[in-house]
Participant: 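Mind looking over this structure? Questions follow.
Because only heavy atoms are used, hydrogens play no part in the values below, and waters and symmetry mates are left out as well, while side chains stay in. Chain A is the first sequence line, chain B the second, and so forth, proteins listed ahead of strands; every chain is numbered from 1.
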Number of protein chains: 2
Amino acid sequence: MNNQTTYSISELATEFDLTTRSIRFYEDQGLLSPQRRGQTRIYSRQDRVRLKLIMRGKRLGFSLAEIRELFSLWDETASGSEKQLRLLLDKIAEKRAELDQQLKDIAMVQLELDSAEARCREALNDLTGQKQQISADS
Amino acid sequence: MNNQTTYSISELATEFDLTTRSIRFYEDQGLLSPQRRGQTRIYSRQDRVRLKLIMRGKRLGFSLAEIRELFSLWDETASGSEKQLRLLLDKIAEKRAELDQQLKDIAMVQLELDSAEARCREALNDLTGQKQQISADS
DNA sequence: AGCCAGCTTTACGTTTACGTAAACTTTAAC
DNA sequence: GTTAAAGTTTACGTAAACGTAAAGCTGGCT
């Protein structure tokens with residue numbers, strides 16, 4: 001069922017757990033451009049991949065505009081002039097730096113969660129009269 | 001100069017590169033609660049740490065509401081009942097899962113950037129008549 | 001005393017990313 | 001062939017995160 005060659009809008013909406021409204025909105029913003037059969041949108045496997053990328057970007061806190069920019073990066077790689085290509089490399093480096101920053105940020109927040117969890121378990125232990133040992137972490 | 005014990009709103013605004021409007025807005029949203037000298041806000045080192053945490057959260061795409069929730073996690077760890085504490089542990093686990101997902105997402109996007117960069121360099125090489133070798137990555 | 005820079009509140013405006021409703025067409029099922 | 005389900009456009013509404021402008025206090029300098 002996953003090897004379909006085309007998808008309807010509601011199939012994709014169900015699969016990615018979003019509304020058809022959102023999918024159409026992404027099209028409005030130039031992130032998707034599905035085929036049409038009459039009025040009806042027909043999504044290809046490529047379109048589906050795009051949607052997956054969109055969701056990924058959103059989970060990383062990218063705006064739709066930024067995601068569109070990333071798509072352009074990808075699409076224009078083949079067709080650019082030299083100046084264009086060097087510009088793209090710059091932008092790629094830029095995005096890479098952002099991701100590196102995010103990795104650092106995640107590490108810090110993880111430490112904070114560790115700390116909060118430790119305090120939490122300690123407080124619990126105090127409450128329950130330390131009958132149970134500290135539970136092993138996965 | 002970094003070892004100040006208090007800060008004015010514009011000092012913090014300058015340091016973190018945001019507007020005083022934003023800082024006051026964060027206070028509105030319950031993320032900060034600086035002292036006052038008369039009308040004027042006086043920020044402590046703790047407040048500054050909070051601001052740093054806010055910026056971190058934002059870079060990870062967290063909403064202000066989510067950040068406030070994380071603050072609550074941290075603050076209420078000491079004072080909760082057992083049920084409360086277990087709930088907090090659940091929320092911590094939840095946030096941890098989100099971060100794990102983000103790590104995966106970042107890894108994927110990095111791969112995509114790798115791919116885009118490779119295509120880009122290839123195209124450049126083709127254009128320049130491969131006089132130069134592939135430049136070494138840092 | 002006068003003034004300016006920096007602080008304050010109040011309040012309306014703006015952008016992003018959709019939600020929601022209305023009104024209409026098209027496709028699949030019975 | 002009609003009816004229900006799923007699709008479409010158009011358009012107004014909304015929550016979040018500020019921007020921006022107005023109008024007023026306030027502490028220090030000259």
Side-chain angles (χ1 to χ4, degrees), chain A residues 1 4-44 47-48 50-72 98 102 105, chain B residues 1 4-44 47-48 50-72 98 102 105:
Chain A
M1 293 229 176
Q4 283 179 293
T5 169
T6 65
Y7 309 85
S8 76
I9 192 168
S10 51
E11 278 175 338
L12 290 183
T14 302
E15 178 175 357
F16 292 101
D17 191 32
L18 34 79
T19 64
T20 60
R21 174 69 175 92
S22 298
I23 296 180
R24 291 196 196 94
F25 183 74
Y26 298 154
E27 184 175 347
D28 262 23
Q29 303 304 302
L31 299 180
L32 292 171
S33 34
Q35 299 294 112
R36 299 268 182 151
R37 193 178 57 196
Q39 292 240 91
T40 305
R41 280 163 251 251
I42 307 285
Y43 296 88
S44 67
D47 291 323
R48 197 189 131 184
R50 285 246 172 178
L51 240 186
K52 197 173 292 190
L53 293 175
I54 293 172
M55 301 309 282
R56 205 156 23 233
K58 295 211 70 192
R59 283 194 302 268
L60 293 179
F62 291 4
S63 72
L64 295 184
E66 287 171 321
I67 294 172
R68 185 177 48 205
E69 214 195 328
L70 282 172
F71 283 171
S72 302
E98 279 181 44
Q102 289 204 358
D105 288 332
Chain B
M1 295 225 174
Q4 284 179 292
T5 168
T6 65
Y7 310 85
S8 77
I9 192 168
S10 50
E11 278 175 338
L12 290 182
T14 303
E15 177 174 358
F16 291 103
D17 191 33
L18 34 81
T19 65
T20 59
R21 174 69 174 90
S22 298
I23 297 181
R24 291 197 195 95
F25 183 73
Y26 298 155
E27 183 176 346
D28 262 22
Q29 303 304 301
L31 299 179
L32 291 171
S33 34
Q35 298 296 109
R36 299 269 180 152
R37 193 179 57 197
Q39 291 238 91
T40 305
R41 280 163 251 250
I42 307 286
Y43 295 87
S44 68
D47 291 325
R48 196 187 133 187
R50 285 247 171 177
L51 240 187
K52 198 174 289 190
L53 293 175
I54 292 172
M55 301 309 281
R56 209 165 9 241
K58 295 211 70 189
R59 283 196 300 270
L60 293 178
F62 290 4
S63 71
L64 296 184
E66 287 170 321
I67 295 172
R68 186 177 46 204
E69 215 196 326
L70 283 171
F71 284 172
S72 302
E98 279 180 44
Q102 289 204 357
D105 288 331

Participant: Establish, with yes or no, whether the OP1 or OP2 oxygen of D:dG7 is under 4.0 angstrom from a side-chain nitrogen or oxygen of A:Ser8.
Facilitator: yes
Participant: Please give, in whole Å, the distance from C:dA17 P to A:Ile54 CD1?
Facilitator: 11 Å
Participant: Are any of the side-chain heavy atoms of B:Gln4 and B:Arg48 separated by less than 4.5 Å?
Facilitator: no
Participant: Rounding to an integer number of Å, can you tell me how far B:Gln39 CD sits from D:dG24 C1'?
Facilitator: 10 Å
Participant: Calculate the interatomic distance between B:Ile23 atom CD1 and D:dC18 atom C1'; express it in whole Å.
Facilitator: 13 Å
Participant: Below 4.0 angstrom from OP1 or OP2 of D:dG7, is there any side-chain N or O of A:Arg41?
Facilitator: no
Participant: Using whole Å, what does the distance between atom P of nucleotide D:dT8 and atom OH of A:Tyr43 come to?
Facilitator: 6 Å
Participant: OP1 or OP2 of C:dA17 less than 4.0 angstrom from a side-chain nitrogen or oxygen of A:Tyr26, does that happen here?
Facilitator: no
Participant: Could you tell me how far apart B:Gln35 (CD) and C:dC7 (C1') are, to the nearest whole angstrom?
Facilitator: 17 Å
Participant: To the nearest Å, give me how far apart CG (A:Leu12) and P (D:dA6) are.
Facilitator: 15 Å
Participant: Can you tell me if CG on B:Asp28 sees more than 12 non-hydrogen neighbours from other groups inside 6.0 Å?
Facilitator: yes
Participant: Mapping B:Arg21 and B:Ile9 to their closest nucleotides on DNA chain C, which lands nearer the 5' end?
Facilitator: B:Ile9
Participant: In whole Å, what is the span from the CD atom of A:Glu27 to the C1' atom of D:dT8?
Facilitator: 11 Å
Participant: Could you tell me whether the side chain of A:Ile23 reaches within less than 4.5 Å of the side chain of A:Tyr43, counting heavy atoms only?
Facilitator: yes
Participant: How far apart are the C-alpha atoms of B:Leu53 and B:Leu70, what are their side-chain angles, what is the distance that settles it, and do they pass the side-chain contact (heavy atoms from CB on, under 4.5 Å) test?
Facilitator: CA-CA 10 Å; B:Leu53 293 175; B:Leu70 283 171; over 6 Å; no
Participant: Of all the choices, C:dC18, D:dG7, D:dC18, which nucleotide is nearest to the side chain of A:Ser10 once you look at every atom?
Facilitator: D:dG7
Participant: Quick one: is C:dG19 close enough that its OP1 or OP2 comes under 4.0 Å of any side-chain N or O from A:Ser22?
Facilitator: yes
Participant: OP1, OP2 of C:dC18 versus side-chain N and O of A:Thr19: anything below 4.0 Å?
Facilitator: no
Participant: With sugar-phosphate meaning primed atoms plus P, OP1 and OP2, does A:Arg36 contact a base, only sugar-phosphate, or nothing at under 4.0 Å between heavy atoms?
Facilitator: sugar-phosphate
Participant: Can you list the steps and then say if A:Asp47 with A:Tyr7 is a side-chain contact (heavy atoms from CB on, under 4.5 Å)?
Facilitator: CA-CA 9 Å; A:Asp47 291 323; A:Tyr7 309 85; over 6 Å; no
Participant: Measure from CZ on B:Arg37 to C1' on C:dC7 and round the result to the nearest Å.
Facilitator: 11 Å
Participant: OP1 or OP2 of C:dG6 sitting under 4.0 Å from any side-chain N/O of B:Thr20?
Facilitator: no
Participant: Determine: side-chain N/O of B:Lys58 to OP1/OP2 of D:dA16, distance under 4.0 Å, yes or no.
Facilitator: no
Participant: On DNA chain D, compare the nucleotides closest to B:Phe62 and B:Thr40; which residue's is nearer the 5' end?
Facilitator: B:Phe62
